[in-house]
2 protein chains.
Amino acid sequence: MTGSTAPIKITTKEIAQDFLNQYDTFLFDCDGVLWLGKHLLPLITETLDLLTSLGKTLYFVTNNSTKSRAAYTKKFASFGITVKEDQIFTSGYASALHVRDSLKLTPGEDKIWVFGESGITEELALMGYESLGCDDPRLDEPFDIATSPFIINGLDPKVKCVIAGLDTKVNYHRLAITLQYLQQPSVEFVATNIDSTFPNKGYILPGAGSMIESVAYASGRTPAACGKPNPNMLNAIVKAKNLDRSKCCMVGDRLNTDIRFGVEGQLGTLLVLTGIETEERVLNTAGDHPRPKYFAEKLGDLYELTN
Amino acid sequence: MTGSTAPIKITTKEIAQDFLNQYDTFLFDCDGVLWLGKHLLPLITETLDLLTSLGKTLYFVTNNSTKSRAAYTKKFASFGITVKEDQIFTSGYASALHVRDSLKLTPGEDKIWVFGESGITEELALMGYESLGCDDPRLDEPFDIATSPFIINGLDPKVKCVIAGLDTKVNYHRLAITLQYLQQPSVEFVATNIDSTFPNKGYILPGAGSMIESVAYASGRTPAACGKPNPNMLNAIVKAKNLDRSKCCMVGDRLNTDIRFGVEGQLGTLLVLTGIETEERVLNTAGDHPRPKYFAEKLGDLYELTN
């Protein structure tokens with residue numbers, strides 16, 4: 001799957017201004033675009049300020065489900081960037097929206113078993129849903145079928161859904177109990193996102209998809225995946241913010257998630273080369289990935305070229 | 001895939017004797033056939049003694065890689081059954097044979113990264129191979145890319161193979177370092193077996209395949225799987241013991257591993273209903289599994305019917 005026209009590299013003031021004039025709303029992936037782990041990329045603050053001064057609206061769309069939107073505002077603040085919670089969409093929030101708006105579970109009554117981190121449970125709690133699992137310290141104990149409180153006390157019949165995502169506290173206890181819930185056909189199975197890996201400090205580490213695949217294989221079930229590139233996430237954003245897709249641009253560092261998300265969602269697309277992709281892959285017409293409309297060495301080039 | 005003739009249920013003395021007369025060698029799966037967890041099934045000792053008194057040769061073939069063959073002889077002994085180490089084939093041993101005989105790694109020089117338990121490393125050690133990973137207590141520490149000794153000290157260039165199997169100590173540290181080795185195309189990828197689950201005390205728990213799938217998905221690689229139903233395991237046994245396949249019978253409790261292993265290996269097959277399968281499934285001609293030549297409520301029926 002390739003775009004019909006060759007990607008345009010943003011290398012001159014004219015191209016940059018032409019790009020900026022086409023869109024009034026920008027959706028940004030974060031890691032690999034704005035920062036790498038704990039390090040802000042060059043000229044990010046200046047570029048975001050430029051866009052704001054031009055009257056553009058900015059949203060931040062991340063497949064990272066380990067942090068809630070509230071925690072993300074703090075991450076932005078730590079870089080000196082002020083972002084409001086309602087500008088942020090995480091895959092954990094998208095999963096909670098799916099539970100509420102698609103599965104229509106009842107807050108205060110139906111419960112959710114979370115194989116993942118607090119970025120999911122915090123969003124569920126804001127919608128009134130009680131979570132089980134997650135970082136419950138009893139799950140840190142080695143699994144013993146004869147003593148696990150989750151086995152001894154039985155499964156909670158109020159659990160109507162399993163949400164699975166990246167969990168750096170993954171262990172056999174969590175896998176085993178998650179599987180017990182997934183063996184009940186009436187319990188829904190939701191995945192935050194299916195990224196197999198993510199980059200960190202020059203290493204490629206196991207991502208949410210890698211962990212979700214484990215319980216999917218054991219249960220023989222396929223989850224509904226909520227993060228990029230699933231269109232449900234974009235549909236939720238477009239609906240919540242009443243966006244005109246033709247005036248929106250998705251900015252990301254991954255062809256298979258960010259750019260696919262933008263292309264399939266009929267948005268403009270900008271790929272930056274500060275993350276996981278190379279110019280060679282962007283220009284390759286034989287790949288099985290969508291190609292962006294625009295690409296740039298770094299997001300900061302928008303500021304650098306127009307100032 | 002179904003057998004050409006309907007499975008014969010062993011319900012009379014005549015059928016039992018006819019069955020026994022056809023074979024001089026019996027390959028047994030263990031869990032679900034001889035015992036369930038820590039409980040020996042009825043008349044097992046009597047049946048094994050009967051077979052031995054009739055001059056039959058007995059082998060034990062298990063996909064459990066958590067115990068070595070030496071440890072298995074102790075498990076048999078705990079039930080009062082005397083079995084020699086060379087009558088036992090585990091998927092951990094099969095994996096070690098694969099490393100030695102197919103990959104032809106050099107003992108004393110090439111090393112193996114083990115994401116699994118000591119049933120693998122003990123077999124490797126007997127062949128002279130040094131293992132890394134496995135139950136190394138440093139892997140029990142929470143993963144931190146800045147402090148993990150496996151990251152700080154770098155990957156061991158002598159590691160030429162990853163063996164993955166069931167690991168009840170699975171955690172993010174083990175997944176992350178296993179992935180680092182699998183990202184090297186020159187490092188071979190071997191799986192003990194691909195069972196997605198296994199039964200324990202009435203519960204279905206995540207099996208080796210469920211854990212292996214996680215690192216397979218993250219690395220985008222497919223392992224060479226050594227346990228049942230992979231024919232390499234049977235080929236190794238047939239070669240080591242100089243067996244006549246037409247005189248061998250595989251006895252198991254799973255259609256998709258044990259019976260597939262026997263049917264595809266051109267052995268006779270006996271399914272017992274003391275494990276995971278039902279008579280309905282055995283007789284179902286529409287299933288996608290092979291059907292056994294014989295089936296019985298329990299292995300002990302062979303003794304009960306002929307005495």
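Below, chains carry the letters A, B, ... as their sequence lines are ordered, and counting in each starts from 1. We use all heavy atoms of the structure for the numbers below, so side chains are in, but hydrogens, waters and symmetry mates are not.
Each of A/Thr192, A/Thr197, A/Asn193 was scored for a side-chain hydrogen bond (donor to acceptor under 3.5 Å, both in side chains) with A/Asp195, with one residue passing: A/Asn193. Among B/Asp136, B/Asp140, B/Asp135, the one residue that satisfies the salt bridge (charged side-chain N to carboxylate O under 4.0 Å, His left out) test with B/Arg138 is B/Asp136.
Contact tally against chain A (heavy-atom pairs below 4.5 Å) for B/Lys169, B/Gln180, B/Met211: the top residue is B/Gln180. Ranked by heavy-atom pairs under 4.5 Å with chain A, the list B/Pro206, B/Ala218, B/Ser196 is led by B/Pro206. Comparing A/Phe143, A/Tyr217, A/Tyr203 by heavy-atom pairs within less than 4.5 Å of chain B, the highest count is held by A/Tyr217. If you tally non-hydrogen atom pairs under 4.5 Å between each of B/Leu179, B/Asn171, B/Val215 and chain A, the highest count goes to B/Leu179.
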Apply side-chain contact (heavy atoms from CB on, under 4.5 Å) to the pair B/Leu175 and B/Ser214, showing each step before the final yes or no. CA-CA 8 Å; B/Leu175 292 172; B/Ser214 180; 3.8 Å; yes

side-chain contact (heavy atoms from CB on, under 4.5 Å) between B/Arg291 and B/Thr285, worked out: CA-CA 8 Å; B/Arg291 293 195 300 166; B/Thr285 55; 3.3 Å; yes

I would like to know whether A/Glu277 and A/Phe295 meet side-chain contact (heavy atoms from CB on, under 4.5 Å); could you show each step before the answer? CA-CA 11 Å; A/Glu277 306 288 2; A/Phe295 72 110; over 6 Å; no

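For B/Gln183, the part lying under 4.5 angstrom from a heavy atom of chain A is the side chain only. The contact between B/Leu166 and chain A is made entirely by side chain atoms (from C-beta outward), counting heavy-atom distances below 4.5 Å. With a threshold of 4.5 angstrom between heavy atoms, A/Ile204 approaches chain B through its backbone and through its side chain. Of the atoms belonging to B/Ile177, not a single heavy atom falls under 4.5 Å from chain A. Both the backbone and the side chain of A/Thr168 come within contact range of chain B, judged by heavy atoms closer than 4.5 Å. Heavy atoms closer than 4.5 Å to chain A are found in both the backbone and the side chain of B/Leu205. Of the two parts of A/Ile151, the backbone and the side chain both hold a non-hydrogen atom closer than 4.5 Å to a non-hydrogen atom of chain B.
B/Asp29 has no carboxylate O lying under 4.0 Å from a charged side-chain N of B/Arg254, or vice versa, which leaves the two without a salt bridge.
The aromatic ring centres of B/Phe76 and B/Phe60 sit less than 6.0 Å apart.
With rounding to the nearest 0.5 Å, the separation of CG in A/Asp253 from CG in A/Asp31 is 7.5 Å.
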